[in-house]
Amino acid sequence: MLLCIDTGNTNTQFSIWDGRRFLCHWRSATDHRRTADQYYVWLRSMMSLTGIEVDIDACIISSTVPRVVFNLRVLCNRYFETRPLVVGKPDCLLPAPPRVDPGTVVGPDRIVNTWSAFDRYGPDLVVVDFGTATTFDVVDSDGAYVGGVIAPGVNLSLEALHMGAASLPHVDVTRPAQVVGTNTVACIESGVFWGYVGLVREICARIAEERGQAMKIIATGGLAALFHQIEDLFETWDDDLTMHGLRLIHDYNKEMGNV
């Protein structure tokens, strides 16, 4: 049984792969103060609630928050007696290493999503990840990450607007009934929603123009389902892209004798 852990700035997801399928997907708030013992108690509680009894013998971690990695390593070592692979560390082999400027550190989540999308959808892709940041990852013909774009995330933009303008309320992200709002909340909803639709269209179009070829657009992340409502914005929406990628990278390391 493989435990896949993906830590983002906001949430951490845990999934268990039984060799054929993922048995579960559980999320908790990312908190660098959480100890290995607390992680284990929470995981055992979730397993008990869902009736899952498994013997985890392998772990892989992707984390954009370096401060949580230590306790996740301890969790894997202490309670599952396994040395976890950590994407982005030298001892974790990659099927196609990123091709970027020397000295550039690529986020582990972007590496994982790139290879996962290549496996499922082929080459020449743009992966749009709606997370704390909205990222655009360009996938080359061999599955390598070759660069991308980082923009503020949707919720981050809403929070900044609320914090920076005292008279504007905080609103939830939703698709407005019409473009022109007739009250403050509707105006903000429209600006954020249609603003991000425009951002995605323009950035993806410019990437395709710069590369001189059509690019398939794959969406993932918490808010991808909302924006997938817009026709022709994405080729498809893939909710478990990161977990699939973690499983692939673990399998690759296993094939190479690295685990």
Side-chain angles (χ1 to χ4, degrees), residues 4 6-9 11 13 15 17 21-22 25 60 62-64 85 87-88 92-101 104-154 195-253 255:
C4 298
D6 174 45
T7 298
N9 290 294
N11 292 316
Q13 181 171 338
S15 298
W17 173 261
R21 63 189 179 94
F22 282 107
H25 296 288
I60 184 167
S62 169
S63 177
T64 59
L85 285 171
V87 179
C92 181
L93 305 178
L94 300 175
R99 292 194 289 274
V100 293
D101 294 341
T104 300
V105 177
V106 180
D109 55 331
R110 307 182 80 176
I111 295 172
V112 173
N113 286 348
T114 295
W115 189 251
S116 179
F118 176 74
D119 179 74
R120 283 184 166 172
Y121 308 106
D124 304 319
L125 308 170
V126 178
V127 180
V128 185
D129 187 352
F130 289 89
T132 304
T134 300
T135 59
F136 299 75
D137 303 328
V138 180
V139 185
D140 210 352
S141 57
D142 63 348
Y145 171 88
V146 291
V149 176
I150 301 176
V154 179
Y196 271 85
V197 169
L199 179 140
V200 170
R201 285 198 194 279
E202 182 67 14
I203 287 180
C204 290
R206 287 186 175 271
I207 290 173
E209 180 182 5
E210 187 169 280
R211 293 183 63 81
Q213 64 187 70
M215 306 289 285
K216 287 178 282 189
I217 314 302
I218 311 300
T220 192
L223 289 174
L226 175 64
F227 289 93
H228 188 52
Q229 300 173 14
I230 303 301
E231 187 177 356
D232 298 330
L233 189 60
F234 309 121
E235 187 89 10
T236 190
W237 161 53
D238 194 327
D239 189 40
D240 69 342
L241 194 68
T242 304
M243 288 295 139
H244 178 66
L246 285 172
R247 194 265 298 177
L248 290 175
I249 291 175
H250 178 270
D251 286 352
Y252 177 75
N253 278 264
E255 290 171 7

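This chain uses plain numbering: 1 for the first residue, then up along the sequence.
- You'll find the side chain of Glu210 stays beyond 4.5 Å of the side chain of Val138, heavy atoms only.
- Taking a cutoff of 4.0 Å between a charged side-chain nitrogen and a carboxylate oxygen, Arg99 and Asp142 qualify as a salt bridge.
- With rounding to the nearest 0.5 Å, the separation of CG in Leu246 from CZ in Phe22 is 7.5 Å.
- Counting non-hydrogen atoms of neighbouring residues, nucleotides and ligands closer than 6.0 angstrom, the CD atom of Glu209 reaches no more than 12 such neighbours.
- Shown here is Gln229, whose CD atom has more than 12 heavy atoms of other residues, nucleotides or ligands within 6.0 Å.
- Here the straight-line distance linking atom CG of Asn113 with atom CD1 of Ile218 works out to 11.0 Å at 0.5 Å rounding.
- For the residue pair Thr64 and Gly8, the shortest heavy atom distance occurs at OG1-CA, 3.5 Å.
- Here the closest non-hydrogen pair linking Thr134 and Pro152 is OG1-O, 3.5 Å.
- Of all non-hydrogen atoms in Cys204 and Val126, the two that sit nearest each other are SG-CG1, 4.2 Å.
- In terms of heavy atoms, Thr114 sits closest to Ala144 at CG2-C, 3.8 Å.
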Begin with the C-alpha distance, continue with both residues' side-chain angles, and end with the deciding distance and a verdict on side chain to side chain donor-acceptor pair (under 3.5 Å) for His244 and Asp119. CA-CA 9 Å; His244 178 66; Asp119 179 74; 2.8 Å; yes
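- A donor-acceptor pair under 3.5 Å is absent between the side-chain atoms of Tyr145 and the main chain of Ala96, judged by distance alone.
- Rounding to the nearest 0.5 Å places NE2 of His250 at 11.0 Å from CD of Glu255.
- Atom CZ of Arg21 is separated from atom OG of Ser15 by 12.5 Å, given to the nearest 0.5 angstrom.
- Contact of the Asp124 side chain with the Lys216 side chain is not registered, since no non-hydrogen atoms from C-beta on lie closer than 4.5 Å.
- Rounding to the nearest 0.5 angstrom, the gap separating the CG atom in Leu85 from the OG atom in Ser62 is 12.0 Å.
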Go through Asp240 and Arg120 one step at a time and tell me if the salt bridge (charged side-chain N to carboxylate O under 4.0 Å, His left out) criterion holds. CA-CA 11 Å; Asp240 69 342; Arg120 283 184 166 172; 2.8 Å; yes
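- Using a 4.5 Å cut-off on side-chain heavy atoms (C-beta onward), Cys92 and Tyr252 make no contact.
- Arg211 CZ: more than 12 foreign heavy atoms inside a 6.0 Å radius.
- Smallest separation of non-hydrogen atoms from Gly153 and Tyr196: O-OH, 3.2 Å.
- Here the CD1-CG distance, from Ile203 to Leu199, works out to 4.0 Å after rounding to the nearest 0.5 Å.
- Proximity of Ile60 to Val87: side-chain heavy atoms (C-beta onward) are separated by under 4.5 Å at one or more points.
- A donor-acceptor pair shorter than 3.5 Å cannot be found between the side chains of Asp129 and Thr220.
- Side-chain contact between Phe227 and Leu233 is present, with heavy atoms from C-beta onward closer than 4.5 Å.
- A distance-only check finds a donor-acceptor pair linking the side chain of Arg110 to the backbone of Phe136 [under 3.5 Å].
- A pairwise comparison of heavy atoms in Phe118 and Ser141 identifies CE1-O, 3.5 Å as the closest pair.
- Taking the six-membered ring for Trp and thresholds of 30 and 60 degrees, His228 and Trp237 have ring planes inclined between 30 and 60 degrees apart.
- By the 4.5 Å heavy-atom criterion applied to side chains, Thr242 and Gln13 are not counted as neighbours.
- Within the 4.5 Å cutoff, the side chain of Val139 has no heavy atoms near those of the Tyr121 side chain.
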